[in-house]
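Note: hydrogens, waters and symmetry copies are ignored here, and every other heavy atom, side chains too, is used. Just so we're on the same page: letters track the sequence lines, and every chain starts at 1.
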Amino acid sequence: MNIVTFPSSATALLEVRDLHVHLADGTPIVSGISLSVAPGQILGLVGESGSGKSTIGSALLGHVRPGARIVNGSILVEGVDVLSLSGKALQQARGKLIAHVPQDPAATLNPMMRIGGHLHELLEVHEPTLSKAERGERIAAVLSDVGLSASNEFLHRFPHQLSGGQQQRILLALAFLLKPRLIVLDEPTTALDVSTQAQVIQTIASLCKMRQVAAVYVSHDLDIVRHLADTVTVLYAGQIVESASRDTLFAAPAHPYSRGLLAAAPDIFTRHQLAPIPGQAPAPADRPMGCSFGPRCASATPACAAAPPPAKDVAPLHRVACFHPSSGPLVRPEAQVRSGLSASPILLEVNDLSASYGDAPIFTGLRLALPSGRCSALVGESGSGKTTLARALAGLGQHVEGSMRFDGGPLPIDNWQRSMEQRRRIQYIFQNPYRALNPRRTIGQTLTAVIRHFFGLGPKDAERRAAAVLQRVALPSGHLHRYPRDLSGGERQRVAIARALACEPDVLICDEITSALDVSVQAAILDLLRSLQGDGLTVLFVTHDLAVVRAIADNVLVLRHGRIIEQGEVDDVLDAPKENYTRQLMASSRHDAA
Amino acid sequence: MTRLSAVADALPTGDAAPAWHFTLPGWLIWTGGRLLSGLTAILFISAVVFGATQILPSDPARVILGPDAPQASIDTMRHQLGLDRPVAEQYGVWIAKSLKGDLGRSLDSDVPVSQIVSGRLANSLTLMLIVLLVSVPLSFWAGIALALRRDRWIDRTAMSGLIFLKAVPNFIVGIGLIFLLATSVFRILPAVSLLEPGLPAIAQPRYLVLPVLTLILMSFPFLLRLVRAAAIETLEAEYVAAARLRGVPEKRIIWRHVIPNALVPAVQGIALMARILLGGVLIVEVVFSFPGIGTAMNAAIEMRDLPVVQAIALILALAVILINLAADIATVLLSPRLRTARKPRIRPGTRARIRQSAGL
Amino acid sequence: MSGSRQLRTGIAFILAVMLLALAGPALAPHAPDALVGPTYGAPSSGAPLGYDYLGRDVWSRVLAGGQSIIWMSFSASLLALTIGALLGMAAAYARGRVDQVIVWITDVLMAFPDLILVLLVVSMLGREPWLIVLTVSVAFIPAVARLARGVTMGIVQQEYVEAAWMMGYPWHRILLRELLPNLATPLLVQLGIMLTWAIAMLSGLSFLGYGVAPPAADWGLMINENRAGLLVQPWAVLAPVLLIALFAIGTNLAAEGYGRSKARIDEKQG
């Protein structure tokens with residue numbers, strides 16, 4: 001049993017000791033979790049998907065998903081033992097003592113209930129003695145705290161009539177309405193645009209300080225945690241691997257996994273080499289005997305496989321569960337800017353392209369040129385038209401007009417008018433790896449189909465080529481006989497890339513292909529793309545993430561409301577943006593916006 | 001699991017700020033369009049029903065006068081009945097008369113069709129109304145109760161039982177009930193519903209019990225399954241989980257969050273059930289010799305009594321179209337996303353998915 | 001009961017009834033229309049299920065009378081499945097006008113309660129078995145078409161179909177390899193559901209007297225013929241009732257079980 005006790009003092013508001021949550025069959029989801037948070041402090045709980053971070057988040061309110069059970073541990077919030085509460089007492093503690101801000105604002109508001117209804121309900125339930133007018137005052141106050149209007153018209157809206165940012169602010173208002181002592185925030189900004197995200201985070205930070213509330217911020221996003229949290233706890237495979245103050249953790253992480261995560265995360269300021277973590281996190285039932293991270297750890301020793309490493313203090317306020325913690329700052333080698341590319345000829349060119357949705361124009365008169373052999377990033381927030389543009393290039397445009405040229409010849413807008421050669425040479429990779437592959441066909445069937453289609457090979461040759469292309473995306477050839485359901489999200493995205501590569505394309509259009517993936521997986525995919533560029537591939541990388549742009553692209557185009565407002569070499573644009581909007585975008589991404 | 005609640009597929013409303021200049025709400029325009037398409041459907045159906053009776057191999061005049069009548073009197077009869085005029089003209093006359101409530105005279109009994117049909121219709125409507133009044137609340141109550149006890153013993157037993165119940169053809173359920181309650185095991189109810197013609201059906205409850213029971217048994221399993229599936233879906237929704245984590249009591253969650261959201265697919269379910277009932281009365285009435293439109297239709301087909309067949313087929317089709325229309329309007333009015341949309345559009349396949357989750 | 005167990009039980013029921021119906025005529029001790037005993041005679045050693053209203057052997061008639069309902073229900077359902085799926089996919093694929101017309105036609109067809117439609121046609125055009133099969137399938141087509149249309153519209157928006165289209169695969173390939181395999185589950189569930197309804201409708205038609213003409217042996221007809229004697233000789237009614245019920249329950253269990261076991265796999269798929 002390894003108990004990580006993070007510095008606790010008599011002033012701690014939240015005190016978690018040795019929390020264990022198991023599935024019904026005894027498989028541990030999280031184990032040995034100990035945390036403490038002081039009033040006004042924000043704890044960042046960082047982990048990738050499957051690490052158990054959301055399980056801990058809801059367990060703090062005494063709730064686990066069906067099929068799971070809290071088997072051990074204690075959770076004290078201002079001296080109240082949450083796990084000993086039940087029935088009405090637990091109900092009253094939820095919302096009033098501990099509030100929870102869930103992940104997806106669109107799905108967590110009842111579509112049949114007005115905004116005012118949500119807010120009034122909470123007060124009716126927890127403070128039944130308030131009159132209607134008093135409730136109205138409380139609601140108006142909290143709405144102004146989160147930066148929303150409290151007009152009758154606004155309160156009468158239904159959730160779908162609000163923007164994503166407004167919905168998220170309503171969830172914050174619901175959380176702060178009862179003046180709780182502890183707030184659990186479960187990835188509250190993942191669904192939001194960069195600039196909205198920055199504003200919502202600002203609101204969270206100031207409200208926590210102002211009200212002296214303790215907060216646990218669950219996230220996979222190191223960048224947000226770096227700017228919001230006071231202390232950080234890193235989770236891996238259901239266990240705490242490292243706890244430290246924010247500055248310590250980001251400056252000198254001690255656990256190999258923490259270091260790996262940071263090395264895998266792209267940075268908006270500098271172009272450093274992304275180092276993916278090899279392998280993938282084990283499923284709860286397959287966790288090894290010894291250190292969970294052992295099989296993926298470069299410095300693992302036989303001792304690591306024998307028993308789990310106990311947590312120990314490597315410095316004051318810094319605990320690590322590792323037999324051989326590193327010390328010293330994390331050095332990330334800078335990546336070279338590719339040179340000698342500025343004079344490359346234009347391969348794909350767009351003149352005067354227009355697209356519309358219904359009566360509303362998405363963009364008009366758009367011009368764009370992709371230089372051969374370079375990676376161009378197309379950056380924009382949701383609604384900028386970036387996906388519409390990318391799809392139009394791939395021949396998937398609807399209600400698109402204009403003219404395009406490819407490799408010296410005209411490129412028809414409609415897919416069915418394009419030649420076989422054009423279709424083969426321009427490939428498109430979709431955002432969502434879970435819908436990009438036919439669930440009823442094996443990976444091999446999917447790959448051989450394109451190879452036979454474009455190259456007219458026999459089944460044997462096609463299969464050989466399919467295996468070769470799988471190897472190029474670093475997947476074993478055994479995957480040929482698997483179905484997409486047997487693969488992780490990152491593996492599926494690799495297969496999607498393999499399908500494109502099997503066509504031997506000249507242009508690869510990547511539409512937000514890493515946004516659904518974990519940081520360490522994203523690094524591997526970006527790494528792969530980087531290496532493909534070495535072969536002379538022209539890439540258009542559509543994204544909202546400026547750090548990714550810095551990591552992968554040679555030049556960048558900033559799209560806003562259907563207009564390209566700024567373009568140029570990546571370093572020029574990101575270091576010295578000329579346009580106001582680009583500057584704002586940079587500021588929001590760095591979280592230093594007001 | 002098929003998603004039931006994913007009904008709405010509205011175009012984005014854009015800015016939600018109120019438009020102060022006067023515009024008709026989107027749902028009203030939509031309802032107008034929906035009414036229009038219902039109307040054309042009715043017109044088309046009337047043409048089909050009329051046309052179908054035209055290809056009937058027998059001659060109504062011959063039916064009335066008997067096989068031995070001389071050709072001259074047959075011709076006179078045909079002229080009197082208007083059968084010698086062009087088909088299109090006959091159709092026009094038929095429609096015009098129908099709109100005035102004149103559905104012609106029965107060929108068999110020479111009584112106005114409206115007179116035959118109205119009494120029978122009242123009886124059948126009584127039957128169906130009682131069934132709906134019992135089935136709908138029963139399905140809602142049991143469906144939600146089972147959803148709350150999902151996968152427990154009671155739920156699994158009930159669901160298996162329902163499969164048996166909804167698989168067995170309705171007339172077999174009727175005969176089973178006769179065997180059980182009227183003739184062989186217990187003899188407490190009449191096997192045949194010999195209603196007194198002068199009295200309304202509701203005043204003779206003894207004769208209603210068995211047909212009502214049969215129709216309930218054949219219809220409520222569908223709605224119950226649908227309500228259960230819809231309730232399970234909302235119970236698993238993230239907004240319900242979020243409300244729990246805000247400390248909203250379970251009872252309030254069910255009444256304020258689960259039931260309103262489950263209501264939308266359930267409304268379509270009620271419409272489906274009404275349609276099953278319309279088909280069901282046809283056979284069940286025959287099983288119990290209940291004097292409703294089902295037995296009337298059956299007798300009319302046997303006697304080749306064209307006007308009666310036409311009238312009943314048209315009334316039933318009209319009823320189905322009105323029921324579907326009402327259900328669609330209710331769906332739009334009940335779901336805020338559709339109600340506030342500029343162009344409400346019920347997502348394609350919604351009804352088909354709802355059907356399948358009810359097992360239809 | 002788990003999904004796969006439901007499926008197995010359902011198929012066992014169907015097979016048992018089919019075996020009885022197919023092998024029955026060869027095993028029957030008497031000709032189905034031979035008058036061999038007293039009217040409504042009680043069961044005895046020579047006639048385990050007694051005699052019917054004309055004094056024919058009920059057991060022999062049960063053995064001889066199952067074929068029509070089986071082949072008719074299967075062919076009506078399969079026909080409706082094929083035509084409905086094609087119509088639905090065509091509507092989803094073509095969109096626009098074609099879609100509107102197909103939707104409108106199905107709306108109109110669905111306005112008739114199934115049985116009315118069949119009764120109208122059968123009463124006017126005769127009770128030929130192929131005609132009944134055709135009409136029953138017409139009554140079922142709208143539901144299949146709407147289902148196929150809805151599901152196809154969902155699949156067509158999936159990126160893997162877009163990818164296939166982008167690559168320029170021929171349309172029949174997209175239909176056979178990308179669409180159909182993913183449509184299969186809901187369509188097969190619908191097939192099971194339709195079988196149940198077809199059994200109800202066909203036996204109902206026989207019961208109303210529009211099915212197979214007397215004196216042939218047929219389960220639905222037997223129920224109708226012998227109803228008057230339910231009190232004295234219930235077996236003449238109950239035997240065909242139980243067999244029809246068993247067959248219908250089997251098809252419904254199979255549909256239900258198949259749907260549930262597939263739903264579980266699809267859930268795993270994430």
Review point. If you count heavy-atom pairs under 4.5 Å between each of V184(A), I98(A), D104(A), L109(A) and chain B, which one has the most?
Key: L109(A)

Check your understanding: Yes or no on side-chain contact (heavy atoms from CB on, under 4.5 Å) for T340(B) and H160(A), after CA distance, side-chain angles and deciding distance?
Key -> CA-CA 10 Å; T340(B) 56; H160(A) 75 271; 2.7 Å; yes

Practice item. Drop me the distance from R244(B)'s CZ to R94(A)'s CZ, to the nearest 0.5 angstrom. Key: 9.0 Å

Point to revise | Heavy-atom check, side chain of R339(B) versus side chain of F158(A), under 4.5 Å | key: yes

Exercise for review: Could you pull out the closest heavy-atom pair between Q91(A) and E250(B), with the gap in Å?
Suggested key: NE2-N, 3.9 Å

**Study point:** Atom of H126(A), atom of R246(B) and distance for their closest heavy-atom approach
**Key:** NE2-O, 2.7 Å

Review point. Considering only heavy atoms, which portion of E124(A) lies under 4.5 Å from any heavy atom of chain B: side chain, backbone, both, or neither?
Key: side chain

Study note, to complete from the structure: Heavy atoms of G247(B) and V125(A) approach each other most closely as O-CG1, 3.5 Å

Review point. With only heavy atoms counted, which part of A107(A) is less than 4.5 Å from chain B, the side chain, the backbone, both or neither?
Key: both

**Study point:** Portion of L122(A) that has a non-hydrogen atom of chain B nearer than 4.5 angstrom
**Key:** side chain

Review point. Heavy-atom distance under 4.5 Å to chain B: side chain of R65(A), backbone, both or neither?
Key: neither

Practice item. Measure P111(A) against the heavy atoms of chain B and call it side chain, backbone, both or neither at under 4.5 Å. Key: both

Revision key, fill the gap. One option among H118(A), Q103(A), M113(A) has the most heavy-atom pairs under 4.5 Å with chain B, and it is M113(A)

Point to revise | Contact leader toward chain B among E121(A), H100(A), Q92(A), H63(A), where contacts are heavy-atom pairs under 4.5 Å | key: E121(A)

Review point. Should the heavy atoms of other residues, nucleotides or ligands under 6.0 Å from CZ of R252(B) be counted, would the total exceed 12?
Key: yes

Check your understanding: Which answer fits M112(A), side chain, backbone, both or neither, if we ask what part of it has an atom under 4.5 Å from a heavy atom of chain B?
Key -> both

**Study point:** Heavy atoms of other groups near Q398(A) CD, more than 12 under 6.0 Å
**Key:** no

Check your understanding: In this structure, are over 12 heavy atoms from other groups packed under 6.0 Å from R211(A) atom CZ?
Key -> yes

